[in-house]
Amino acid sequence: MSKPSRDAEAPPSEYALLAQEHGLPLQKGRPPFIQYMRDLWRSRNFIWTLAKTRTYARNENTYLGQVWSVLTPLLYAVVYYIIFKVILSTDRGIDNFIGYLVAGLFVYQFTSGTLSKGATAVISNLSMIRSLRFPRAALPISVAITELLTVLPAIAVMFAIVWGSGETPQWTWLLAIPAFAIITVFNVGIALLVSRLVSQYRDVKNLIPFVVQLLRYLSGLFFSIAAYTEAHPTLGVVLQYQPYALSLDLVRGAMLAEITTTAIDVLVMCGWATLALVAGIIYFWRREGKYGVE
């Protein structure tokens, strides 16, 4: 009797069965880029269904279920408020620290969640990759959409808290919607980049938590970058215009009267999003056909 192959040993996952339902057969080799993009577009229903399934499954085994999507950032907000406002007093240059913290935290949870989970988008779905044909980019893209769907219920709570913190609702709050759209595009690109890196160099997976922690402190989540870099203006510019700080400021600028978002801020963040998406899809595609094989 012949020895079963590695593919035969791995039972199909629920996501593999989902892919089969969408008529995605065996994958071989790397298609041309234009064809790959067409295949990716044809897989949009599969990506959307995969994202919705993951969103629902995330907290289905807990008593509170999807309420945790809102409770988690709220609990972080309470902890950070106690540490950075009450104990460390890092609110220098910020009048409405509660609104500043909450608006930034909900965005940071969105971006950091995509970075963390996007890193394992490929390696956690090897049985599906080895069994079925579909553009592998569908996996990290679905992760970014999952994180967006997870944060959507929390956005309503974010608006309520910012309102309760003393801000007056105005039409500029609507600008938070295109801000989240730009951030989502950036997140998709980042998920594509890190998922290939981790699939090719597994050690990178162990570095991701440290990167997430570093970005937590460099993004200005708990403090005003401008207020703390007055003596180092060049460093301040670098920190303010890196994408994770800009993503927080776009939403804060839409919702807080004391934060001003300029056209340059928007253009720079759009540039980061475009660069991340283009670089991510090309970088990911160049390894298509090798995921789950090497």
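These figures come from a predicted structure and were not determined experimentally.
A donor-acceptor pair under 3.5 Å links the side-chain atoms of T262 to the main chain of D265, judged by distance alone. Between the N96 side chain and the G99 main chain, a donor and an acceptor come within less than 3.5 Å of each other. Of the possible donor and acceptor atoms, one in the side chain of E258 sits under 3.5 Å from a partner among the backbone N and O of D95. For the pair Q242 (side chain) and Y244 (backbone), a donor-acceptor distance under 3.5 Å is present. Although no hydrogens or angles enter the test, the distance criterion places no donor-acceptor pair under 3.5 Å between the side chain of Q109 and the main chain of V151. A distance-only check finds no donor-acceptor pair linking the side chain of E288 to the backbone of P135 [under 3.5 Å]. A donor-acceptor contact shorter than 3.5 Å is absent between the side chain of S43 and the backbone of F46. Within the 3.5 Å criterion, the main-chain N or O of V122 finds no donor-acceptor partner in the side chain of R136. Side-chain N or O atoms of Y228 include none that pairs as donor or acceptor with a backbone N or O of G236 at under 3.5 Å. Judged by distance alone, the side chain of R30 and the main-chain N or O of R286 form a donor-acceptor pair under 3.5 Å.
Considering L149, L148, T150 in turn, T150 is the only one that fulfils the side chain to side chain contact (heavy atoms under 4.5 Å, CB included) rule with T146.
Every residue two or more places apart in sequence or in another chain was checked for a ring-ring contact (aromatic ring centres under 6.0 Å, His included) with Y283, and none qualifies. K117 pairs by the salt bridge (Lys or Arg N to Asp or Glu O under 4.0 Å) definition with nothing, not counting sequence neighbours.
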Margin query: Applying side chain to side chain contact (heavy atoms under 4.5 Å, CB included) to I182 and C270, what does each step give before you reach the verdict?
Written below: CA-CA 7 Å; I182 296 170; C270 286; 3.7 Å; yes
Report task. Show your working on side chain to side chain contact (heavy atoms under 4.5 Å, CB included) between M269 and S247 and close with a plain yes or no. Result -> CA-CA 7 Å; M269 188 61 205; S247 62; 4.2 Å; yes
Run the ring-ring contact (aromatic ring centres under 6.0 Å, His included) test on W272 and F186 for me, step by step, so that the C-alpha distance in whole Å, both residues' side-chain angles and the decisive distance to 0.1 Å come before the verdict. CA-CA 7 Å; W272 279 117; F186 173 77; 7.2 Å; no
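Across P140 and A137, no two heavy atoms sit closer than the pair CD-O, 3.3 Å.
The number of heavy-atom neighbours closer than 6.0 Å to CZ of R44, taken from other residues, nucleotides and ligands shown, is above 12. Within 6.0 Å of CD1 on I264 lie no more than 12 heavy atoms contributed by other residues, nucleotides or ligands.
Put simply, CD1 on I123 and CD on Q200 are 13.0 Å apart, with the number rounded to the nearest 0.5 Å. Between the CD atom in E147 and the OG1 atom in T184 there is a gap of 10.5 Å [rounded to 0.5 Å]. Here I47 contributes atom CD1 and L139 contributes atom CG; the two are 8.5 Å apart, rounded to the nearest 0.5 Å.
Pairs engaging residues 91-130 under the ring pair (Phe, Tyr, Trp, His ring centres under 6.0 Å) rule: none recorded [sequence neighbours left out].
Hydrophobic clustering of Ile, Leu, Val, Met, Phe, Trp and Tyr side chains at less than 4.5 Å, counting indirect connections, keeps L193 apart from V143.
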